[in-house]
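Since the structure comes first, as structure tokens, the remarks are kept for the end.
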Amino acid sequence: MENKVIRAALLGMGTVGTGVYKVLKMQQNEMEQKLGCSVKIDRILVRNTEKARAKTGEDPVEITDRFEDIITDPGLGIIIEVMGGIEPARTYITEALRKGISVVTANKDLMAEYGGELLDIATDNGADLFFEASVAGGIPIIQPLKQSLSANHLTEVVGIVNGTTNFILTRMFKDGMEFDDALSMAKDLGYAEADPTADVEGLDAARKMAILASIAFNSRVVFRDVHPEGITKISAKDIEYALEMGYAIKLLGVARNEEDGIEAYVCPMLISDKHPLAAVNDSFNAVFIHGDAVDDAMFFGRGAGELPTASAVAGDVFEVARNIRTGATGRIGCTCYKQIPVKKFEDTRNRFFSRMVVEDRSGVLAEMMEVLAGYKISIVQLIQKESRIKNMAEVVIMTDSVREGDFRDAMKELAKRTCVKEICSIIRVYGKTIG
Ligand code: NAP
Ligand code: HSE
């Protein structure tokens, strides 16, 4: 049988592009056996061609800074987009799909906003659009959700899907560091970018949760539907109290399919130290799901980095190659066939942790409990310690489940009471009970 070579183009040769180039080379000798064909990167698009040439050496690969050189090549089977950002990636992918060329991308920014539109174009043109690397880097989660778990009704997807913030929180938890020091360390070690805003403010994780929720619940959820909160206000003291109460603090992406709609948010949360997600440390990622048939399942691994991310991209490339070889591209397109409303964040329910500085005199706790009772808020744990400030006490409460909007209103009312000097932190608590 003739050895079929599927020609591919790589858009971008940065961290992930370089990894993809390396992994495909590492697999060169086994591709034929694995796929019944081989995949060869023939063209690379970058802005700085010299920088890319330094990485490919003597390899006979065309390097260009003009997309026209890629899209006008008549024999291309796959385009691998690893440039990032919305434009020009959206335009390039659209053009490729309209020509029936299958696309593999790692682009969460794009898929979290325009995934529905691009998947429809892919289906209309009988092409594949795969994006495994856009969520949790090297961890297989998108194909498992779309394929292996598709015989479930999934009710919950909870993830630690940002490695930078997980590294920072781990250092705060294990070494008692404050946020700024842990962030500096993350930058020094190359985990955090020079501008870490998207990571530490929860935006990167919110994009990933939009993608996961859409696939898990078969209903489109976009980036603006996911409420994002970051970890910049978490202090070493909060972590100390959490530990004392039997919890870790993690930046969690939560997506739930409830009777009255989908809940989707990212925020730092206390999570019982008995939950498997609490043990996911350093820059590792994990995604925990619950389905009506499979029950609980967790996926764990490297959420970023050159080779781990390239592993996911190359796995998608292999799948496209198999589909091209068997004439089966376009088999799995958009899986969002429902239209479930996304709930307003204030209508979501959680338990809460709050640390406050209050006057240290009789009747203060009673006054606080009266305010909370007015909103039907029940306390499940309470710690009071002497404060370093004279005549003040530090009070930490953990509540039972309460509507977000009601808890906010209760805290606003508490903040007005003269006995409450400062509300230092408000952090949500994941799960119903510590068990
Ligand atoms: P990167 O290191 O910044 O590399 C980007 C590459 O794209 C560079 O080669 C750059 O070329 C090229 N590029 C950017 N804009 C271009 C344009 N307009 N025209 C032509 N070339 C352009 O980015 P990365 O970290 O590899 O990330 C790539 C994608 O993977 C992003 O969508 C990211 O979210 C996703 N991702 C990354 C990771 C990770 O660990 N890094 C993990 C999961 C997903 P020049 O160098 O010549 O400018
Ligand atoms: N910045 C991301 C993280 C990796 O820290 O997990 C790319 O998705």
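The basis for the numbers below is simple: all heavy atoms, side chains too, and nothing from hydrogens, waters or symmetry mates. Ligands are counted one by one from 1 in listed order, and the atoms in each one are counted from 1 as well.
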Distance filter under 4.0 Å to A304 heavy atoms, resulting ligand 1 atoms: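 Once the distances to A304 are compared, the set is 40 (O).
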I need the contact type for [X] against ligand 1. Using non-hydrogen atoms and a strict under-4.0 Å cut-off, is it side chain, backbone, both or neither?
{"X": "T309", "result": "side chain"}
{"X": "A133", "result": "backbone"}
{"X": "K51", "result": "side chain"}

Which heavy atom of the protein is the closest neighbour of [atom], given with residue, atom name and distance?
{"atom": "atom 32 (O) of ligand 1", "value": "G84 CA, 3.2 Å"}
{"atom": "atom 34 (O) of ligand 1", "value": "K108 NZ, 2.8 Å"}
{"atom": "atom 5 (C) of ligand 1", "value": "M83 O, 3.7 Å"}
{"atom": "atom 2 (O) of ligand 1", "value": "T15 N, 3.0 Å"}
{"atom": "atom 4 (C) of ligand 2", "value": "A304 CB, 3.6 Å"}
{"atom": "atom 38 (C) of ligand 1", "value": "V16 CG2, 3.7 Å"}
{"atom": "atom 19 (N) of ligand 1", "value": "R47 CG, 3.7 Å"}
{"atom": "atom 12 (C) of ligand 1", "value": "G12 CA, 3.8 Å"}

Residues E81, N107; criterion side chain to side chain donor-acceptor pair (under 3.5 Å); working and verdict: CA-CA 8 Å; E81 186 278 308; N107 195 327; 3.3 Å; yes
Geometric class of the Y92/F67 ring pair [parallel <30°, tilted 30-60°, perpendicular >60°]: parallel
R171 charged N/C atom sitting above F173 aromatic ring, 6.0 Å / 45°: no
Geometric N/O contact N48 with ligand 1, under 3.5 angstrom: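 There is such a contact, yes.
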Is the shortest N/O to N/O distance between [X] and ligand 2 below 3.5 Å?
{"X": "N285", "result": "no"}
{"X": "D199", "result": "yes"}
{"X": "G163", "result": "yes"}
{"X": "E193", "result": "no"}

V61 side chain near R43 side chain, heavy-atom distance below 4.5 Å: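 Answer no - side chains too far apart.
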Of the listed options I168, T164, D204, V161, closest to atom 5 (O) of ligand 2 (non-hydrogen atoms):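 Answer by nearest heavy atom: T164.
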Selection from A106, G137, G14 by shortest heavy-atom distance to atom 4 (O) of ligand 1: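 Checking each option, the heavy atom nearest atom 4 (O) of ligand 1 is found in G14.
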Per-atom contacts, ligand 2 versus K108 - under 4.0 Å to a heavy atom: 7 (C), 8 (O)
Between CD1 on residue I160 and CG on residue N166, distance to nearest 0.5 Å: 4.5 Å
Residues T91, E87; criterion side chain to side chain donor-acceptor pair (under 3.5 Å); working and verdict: CA-CA 7 Å; T91 303; E87 284 297 350; 2.6 Å; yes
Part of N162 with heavy atoms under 4.0 Å of ligand 2, whether side chain, backbone, both or neither: both
Result of checking I234, N162, N281 against L169 for side chain to side chain contact (heavy atoms under 4.5 Å, CB included): I234
Test side chain to side chain contact (heavy atoms under 4.5 Å, CB included) applied to E346 and R403, H227, R408, the passing residue: R403
Protein non-hydrogen atom below 4.0 angstrom of atom 23 (O) of ligand 1 present: no
